[in-house]
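None of the values given here were measured: they were computed from a predicted structure. Note that these values count all heavy atoms, side chains included, but never hydrogens, waters or copies made by symmetry.
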Amino acid sequence: MRSRMVKMLLKKELLDVFRDRKAIIMLVLVPLLIYPLIFFGSFAVLTLIQSSIVEGEYKVIVDVDDDGALMDQISVYNADKAEKAKESDDSDDEDQQIEAVSFDQFLKNSSYDIADDTAETKSALVETILQDEAADVYVSSEKDDAGLITYTTRYVSSITDSNYAEIVVKDILDDLSDKQMKQSIEDAGLDADEITHPFGIKRLNIASNEQSAGSLLGMVLPFMLVISLLMGTMYPAIDTTAGEKERGTLETLLTLPIKNHEMIFAKFIMVALMGIISALLNVISMGFMIFYMVKLVQSEAAVSLGFDLKSFNFASFLPASLVTILAIMAFSLFISAVTMCITALAKSYKEANNYITPLTLVVMLTGYIGFIPNIELTNKMAMIPVANICLLVKNLLLFKADVGPIAIVLLSNVTYAGLAIMLLSKIYDSESVLFDEGRSALQLFERRSNIVAGGTPTSGDAWFIVFFVMIIYLYVGSILQLNYGLKGIFGSQMIVLFLPLILAIYTKRSLKKTYSFRLTKLTGFVGSVLLFLGSFLLENIVSTMLYQFFPKEFEDTNSGLLDLLGGYNFGIALLVVAFTPAICEEMMFRGFILSGFKSKYRKWTAIVLCAFIFGVYHTSLIRLIPTMMLGICFAMIVYYTGSIIPAMMMHCLNNAIAVVEMYYPGWLEENFPLVFGTDETILGSVVLALISVVITFAGVRLLQMVSRAKTGDGSPS
């Protein structure tokens, strides 16, 4: 890579960004100006609302038979407020008074009139008075046979004054209750304080001032950092990818004597740099607002939150700040690469904004993990994108982070960024992705009379089916499985089968070409069996490794399937769990979706993308990689043989093995020890892995021979 060329391209990208008003607004004005304005505006509004509530004078109708006890207690409350206001020279307490009147006195001084003295009429009139805001709270009482009084407060929670006045009246009633309880105890000749407070309580918070402050910041700061990094990278990524396509400057750039990886690297560094700058500006903005609030409330509010500003040691946060900066840089690399991969698929600003919305929602929802208590930064959590950064920053502020998880978080983000850059490089190497020529158009909304019959689905059709079926599958399919068990699984498979089939028929696609309905030679079948057997062994090795990290999750997944199969015999389970998915899922994933992807993407892009979606559909994070491995195997079988039938057979065999293991545990290990043995030694695992690789390689070579013979020109199909 020529560093001089990369520097020139980076300079060009930075100039393009800083010339864009939208990018400058999102990068500089939003964190430094918009956020503080929103914060101070919201603070002013809340202060105004609180002030209007506190300074209000509330009218309470007292319709009780308690010998004036409640009226006396309200008078005590008003006197206390006036005394506190006088001592502190604060008029707010003095203004917050309760005007208590009897029901008869209220009617005499108002235009309301009661037609008769029935309970129903009186209740309706009280409701009208409260809804008209002529009074804020109505208090009534009733006595039981023992003479015990029960007070009832009526109010309108949707009216602010009424809602707040009821809270005040409840506090007054609590004070009255305590007063009468103490009086009853004293009348019995006992010590009221000793009876009501048999022991004392002291609370001693041993957390340092810095830990208390870090606990508060640890909930908010990680989320703000993650969102600001995303927002900071989003618009530069859109501009440098989809924006260049829309302006028509990408073609010119590709004609220059530069290599694709040099151009991609320069664009990537620019986007990552913008993300880091945006995050740092957001930190400065938040720091200013926190400093302002501290100065505003002074030390009294700080002490109530658990720390003393006078003895606060800001230098103790220096190590956490340095590691946080490293974390910001690592996450910026990751989020920049992911954002660019998504926006590079779009042809315009508008389309790129639509594509980036799901990523924004995922990042926001994952970022909320910092608000959830008792979630630790374990080695497992340190590998989950977004969540690992939030938990790391939170732990750093609590002075809890260890070297191991810190290293895993930083390395995992850099690794994920590297993988995303490799994918981005593949995207920029594909003219069919960069310069779409209509092969991705969605034909569902075309007039059926305008659709030309024949051919296979477009990539737009395939992506529509991916998301549409996923929505129906998650909502309808989950309800079916929860309510009907094994019958629900069968119903879910019908969703997977018929929705793509209906679209294929509506758009006049060739069902034979779309679903690869053709026979294959014996060589193709043998190659399919070898490829499946090798992939199955490799998938078992990977599953065993994952089980060491996530044993509970694997057991929960298996027990969930066992619960669904409970009460059904082996034959029905085999039909629903093995035979039905082998047909339905293969027709959707290796039929409709793979055919659509092949019309636009290169071979391995189509195969891996189809396998990834296949893994996601099974809604198990811990089973994602093993399921993807099988998805790649089935897609390769269809791709090389041109037939979906061997893939269906291998899929059925894979699921049948799972059913046998559940119904007859230990039978496969006894009869096929080489494949299903439990040799947990390192040497045994290595030998099995080598055998798996050899079998897989042999299967691939046989399938490639079938593909060459099928095309007749020596090139793979």
Any side-chain to backbone donor/acceptor pair from [X] onto [Y]? Under 3.5 Å, distance only.
| X | Y | result |
| --- | --- | --- |
| T357 | N353 | yes |
| R509 | A453 | no |
| S707 | L703 | no |
| S336 | L333 | no |

Listing, residues 589-598 side-chain donor-acceptor contacts under 3.5 Å, not counting sequence neighbours, or none:
unit_1 : atom_1 : unit_2 : atom_2 : d
R590   : NE     : E586   : OE1    : 3.0
R590   : NE     : E586   : OE2    : 3.3
R590   : NH2    : E586   : OE2    : 2.5
S595   : OG     : T514   : O      : 2.5
S595   : OG     : G591   : O      : 2.7

[X] side, atom [atom1]; [Y] side, atom [atom2] - distance, nearest 0.5 Å:
| X | Y | atom1 | atom2 | result |
| --- | --- | --- | --- | --- |
| C652 | N654 | SG | CG | 9.5 Å |
| L497 | Q493 | CG | CD | 9.0 Å |
| L229 | F334 | CG | CZ | 11.5 Å |
| M629 | L537 | CE | CG | 10.0 Å |
| L423 | T605 | CG | OG1 | 7.5 Å |
| S425 | F268 | OG | CZ | 12.5 Å |

Just wondering, are more than 12 heavy atoms of other shown residues or ligands nearer than 6.0 Å to [atom1] in [X]?
| X | atom1 | result |
| --- | --- | --- |
| F525 | CZ | no |
| Y368 | OH | no |
| L519 | CG | no |
| M494 | CE | yes |
| L359 | CG | yes |
| K521 | NZ | no |
| F490 | CZ | no |

Evaluate T378 against M381 for side-chain contact (heavy atoms from CB on, under 4.5 Å), listing each step before the verdict. CA-CA 5 Å; T378 61; M381 292 297 297; 3.4 Å; yes

So do the side chains of [X] and [Y] get within less than 4.5 Å of each other, counting heavy atoms only?
| X | Y | value |
| --- | --- | --- |
| N413 | I389 | yes |
| C584 | T580 | yes |
| W463 | I613 | yes |
| K347 | E246 | no |
| V706 | Y640 | no |
| S692 | I541 | yes |
| H651 | F579 | no |
| M234 | T360 | yes |

Mind running side-chain contact (heavy atoms from CB on, under 4.5 Å) on N388 and M383 for me, showing each step along the way? CA-CA 6 Å; N388 54 12; M383 293 186 288; 5.9 Å; no

Do you know which two heavy atoms are closest between [X] and [Y], and how far apart they sit?
| X | Y | answer |
| --- | --- | --- |
| I421 | A337 | CG1-CB, 4.0 Å |
| S459 | S599 | N-OG, 3.5 Å |
| L530 | G699 | CB-CA, 3.7 Å |
| I695 | G534 | CG2-N, 3.7 Å |
| A352 | I238 | CB-CG2, 3.8 Å |

For a quick check under 3.5 Å, do [X] and [Y] share a side-chain donor-acceptor pair by atom type?
| X | Y | answer |
| --- | --- | --- |
| K513 | T456 | no |
| T458 | D461 | yes |
| T343 | T241 | yes |

Does the side-chain contact (heavy atoms from CB on, under 4.5 Å) test come out yes or no for T627 and Y617, once each step is laid out? CA-CA 10 Å; T627 308; Y617 257 75; over 6 Å; no

Whether R623 and E539 form a salt bridge (side-chain N of Lys/Arg under 4.0 Å from carboxylate O of Asp/Glu) is what I want to check.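 Yes, charged N to carboxylate O under 4.0 Å.
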
Does E351 pair with K245 as a salt bridge, N-O distance under 4.0 Å? no

Please test V452 against K508 for side-chain contact (heavy atoms from CB on, under 4.5 Å), starting from the C-alpha separation and ending with a verdict. CA-CA 7 Å; V452 179; K508 302 179 182 179; over 6 Å; no

Over 60° means perpendicular and under 30° means parallel, so tell me whether [X] and [Y] are parallel, tilted or perpendicular.
| X | Y | result |
| --- | --- | --- |
| F532 | F536 | tilted |
| F468 | F464 | parallel |
| F634 | F614 | perpendicular |

Evaluate the salt bridge (charged side-chain N to carboxylate O under 4.0 Å, His left out) criterion for residues K267 and E244: first the C-alpha distance (whole Å), next the side-chain angles of each, then the deciding distance (0.1 Å), finally the verdict. CA-CA 12 Å; K267 290 177 178 291; E244 282 203 336; 2.9 Å; yes

